[in-house]
Amino acid sequence: MSSPTWLCSLHRRWLPTAPVSPSQPEPQPCCAAGRGRLGVMCGRYASTARRTVLLEQFQVDGDNAEDLKSPDYNVAPTKTAPVVIARAPSGGPKDADAVRQLRLFKWGRLVPFWAEDAKIGNRMVNARSERVDEKPAYRAAFKSRRCRIPVDAFYEWFETDQISEKTKKPLKQPFAFRPTDGSSLALAGLYEVWKDKTLPEDDPGALLWWSYTILTTTATNEIGRIHDRMPMAIGPDDWAQWLDPLPAS
DNA sequence: CCAGACGTTGTT
DNA sequence: GTCTGG
DNA sequence: CCAGACGTTGTT
DNA sequence: GTCTGG
């Protein structure tokens with residue numbers, strides 16, 4: 001199938017900037033160094049906004065993120081990070097009206113609700129947006145379990161000509177990307193709720209497992225100069241619509 | 001029908 | 001659960 | 001994404 | 001090389 005109709009409204013202009021974290025090395029011009037090879041899109045990002053800022057910025061009604069540890073300049077797969085969802089308040093009836101909530105979910109290891117083994121989620125860090133509505137692992141979540149991921153910048157690694165003494169492999173230079181206009185950034189994501197049914201109810205591991213994945217899309221702008229894929233950003237005008245079900249097509 | 005997968009990027 | 005491959 | 005682990009039999 | 005854990 002072709003790209004979803006909401007794709008075009010989500011494009012925005014990007015430029016490489018200095019890494020967000022002071023501990024990151026200085027960036028180099030994108031195409032001047034190395035061979036232009038880059039790693040997987042959107043494998044790390046920075047989430048630095050404080051909880052109170054996120055609550056206001058995303059007009060959140062339900063706050064389930066009291067344990068948020070912020071800032072985190074190095075959010076990696078399996079780590080817990082804040083996401084915004086629209087869902088019936090936890091603890092209440094499932095058919096209650098959806099409320100916008102800030103929640104702390106695990107990135108990656110997205111385990112579909114039907115899975116018997118959590119291992120299936122091992123590589124579900126990203127989901128291609130082009131076919132996310134038909135892929136068995138993502139289809140259900142795409143229909144009813146979407147999330148926005150507040151992000152300040154995302155990182156990419158650039159393989160340079162320098163060889164590491166230690167590993168004898170090319171050194172990789174991290175870059176940070178964020179909107180040039182300083183606007184806040186939300187990535188499009190899906191989440192899943194999974195429970196290990198092989199464990200007895202009283203086992204600590206039988207708790208619900210909440211995880212999310214980040215959608216990727218074609219990079220048609222400045223990022224496309226160095227990599228053909230990028231995480232899908234949602235503009236503020238589309239934040240509400242992304243969490244709501246799509247109109248029937 | 002059953003059995004098995006269910007994912008992405010990048011590499012050559 | 002649902003799709004694909006045999 | 002990166003960093004780090006990865007395994008068995010049988011016994012120099 | 002490939003998988004796991006963070």
Side-chain angles (χ1 to χ4, degrees), chain A residues 1 3 16 19-21 23-25 27 34-47 69 71-81 104-145 149 151-160 162-178 187-198 205 209-219 223-232:
Chain A
M1 99 160 219
S3 299
V20 171
S21 166
S23 63
Q24 297 284 353
R35 311 225 171 274
R37 287 196 199 106
L38 290 169
V40 171
M41 201 60 224
C42 208
R44 289 202 193 194
Y45 65 87
S47 173
K69 302 206 175 34
D72 188 342
Y73 289 97
N74 195 20
V75 182
T78 72
K79 287 178 90 175
T80 297
L104 299 179
F105 290 174
K106 277 189 201 303
W107 180 17
R109 309 295 195 271
L110 183 141
V111 184
F113 67 93
W114 41 259
E116 288 181 12
D117 191 329
K119 273 192 282 190
I120 193 174
N122 276 352
R123 278 177 283 180
M124 301 206 184
V125 169
N126 294 132
R128 288 182 68 94
S129 60
E130 291 89 342
R131 287 165 60 80
V132 78
D133 59 334
E134 39 183 61
K135 289 289 183 183
Y138 298 129
R139 217 165 65 155
F142 178 75
K143 277 184 185 160
S144 57
R145 287 182 295 280
I149 303 142
V151 165
D152 299 279
F154 62 86
Y155 299 113
E156 283 196 58
W157 275 257
F158 189 88
E159 201 171 277
T160 70
Q162 285 186 297
I163 303 296
S164 163
E165 289 283 332
K166 230 178 178 178
T167 67
K168 306 296 180 192
K169 287 177 180 174
L171 282 173
K172 289 184 175 180
Q173 163 76 52
F175 284 84
F177 293 86
R178 52 180 154 186
L187 302 183
L190 309 174
Y191 71 93
E192 273 288 357
V193 196
W194 181 78
K195 187 176 185 179
D196 190 342
K197 298 185 184 69
T198 66
W209 173 298
W210 302 78
S211 62
Y212 66 95
T213 188
I214 296 176
L215 303 200
T216 60
T217 186
T218 310
I223 287 183
R225 293 168 55 196
I226 53 175
H227 191 70
D228 62 344
R229 303 291 295 174
M230 63 185 282
M232 175 174 283

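For clarity, every value in this text was computed on a predicted model and none was experimentally measured. Order of the sequence lines sets the chain letters (A, B, ...), proteins ahead of strands, with each chain counted from 1.
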Point to revise | Mate of B:dT8 where both pairing distances stay under 3.5 Å, Watson-Crick or G-U | key: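 Pairing partner: none.
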
Check your understanding: Across all strands shown, which nucleotide pairs with E:dG5 by Watson-Crick or G-U wobble geometry, both distances under 3.5 Å?
Key ->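 Matched E:dG5 with D:dC2 under the 3.5 Å cut-off.
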
Exercise for review: Would you mind classifying the nucleic acid contact of A:Ala140 as base, sugar-phosphate or nothing, using non-hydrogen atoms under 4.0 angstrom?
Suggested key: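 The residue A:Ala140 makes no contact with any strand.
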
Check your understanding: Base, sugar-phosphate, or nothing: which does A:Tyr138 touch, judged by heavy atoms less than 4.0 Å apart?
Key ->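 Here A:Tyr138 touches the backbone only, sparing every base.
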
Among [options], find the nucleotide with the atom closest to the side chain of [X].
X: A:Arg139; options: C:dT2, E:dG6, B:dT8; value: C:dT2
X: A:Ile120; options: B:dT8, C:dC3, B:dC6; value: B:dC6
X: A:Ala127; options: C:dC3, B:dT8, D:dC1; value: B:dT8
X: A:Trp114; options: B:dT8, C:dT2, C:dG1; value: C:dG1
X: A:Ala137; options: B:dC6, B:dT8, C:dG1; value: B:dC6

Using whole Å, what does the distance between atom [atom2] of nucleotide [N] and atom [atom1] of [X] come to?
X: A:Lys143; N: C:dT2; atom1: NZ; atom2: C1'; value: 11 Å
X: A:Asn74; N: E:dG5; atom1: CG; atom2: C1'; value: 14 Å
X: A:Trp107; N: B:dT8; atom1: CH2; atom2: C1'; value: 13 Å
X: A:Glu116; N: C:dG1; atom1: CD; atom2: P; value: 10 Å
X: A:Lys79; N: E:dG6; atom1: NZ; atom2: P; value: 11 Å
X: A:Arg229; N: B:dT8; atom1: CZ; atom2: P; value: 9 Å
X: A:Lys195; N: C:dG1; atom1: NZ; atom2: P; value: 16 Å
X: A:Lys106; N: E:dG6; atom1: NZ; atom2: C1'; value: 10 Å

Compare side-chain N and O positions of [X] against OP1 and OP2 of [N] and report whether any pair is under 4.0 Å apart.
X: A:Arg44; N: E:dG6; value: no
X: A:Thr216; N: B:dT9; value: yes
X: A:Arg131; N: B:dT8; value: no

Point to revise | Short side-chain to backbone donor-acceptor contact, A:Thr216 and A:Met230, under 3.5 Å | key: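 Between the backbone of A:Met230 and the side chain of A:Thr216 there is no qualifying donor-acceptor contact (under 3.5 Å).
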
Could you tell me if the side chain of [Y] sits less than 4.5 Å from the side chain of [X], heavy atoms only?
X: A:Tyr45; Y: A:Ile149; result: yes
X: A:Arg44; Y: A:Asn74; result: yes
X: A:Arg145; Y: A:Tyr191; result: yes
X: A:Leu215; Y: A:Leu187; result: no

Review point. Nearest nucleotide by nearest heavy atom, which residue falls closer to the 5' end of DNA chain B, A:Arg128 or A:Pro136?
Key: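 It is A:Pro136, whose closest nucleotide lies nearer the 5' terminus.
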
Taking the [atom1] atom in each of [N] and [M], what is the distance between them to the nearest angstrom?
N: E:dT2; M: B:dT9; atom1: C1'; answer: 15 Å
N: D:dG7; M: E:dT4; atom1: C1'; answer: 15 Å
N: B:dT8; M: D:dC1; atom1: P; answer: 14 Å

Check your understanding: Near A:Trp209 CH2, under 6.0 Å, is it more than 12 heavy atoms from other residues, nucleotides or ligands?
Key ->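 Not buried by this count: 12 neighbours or fewer within 6.0 Å.
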
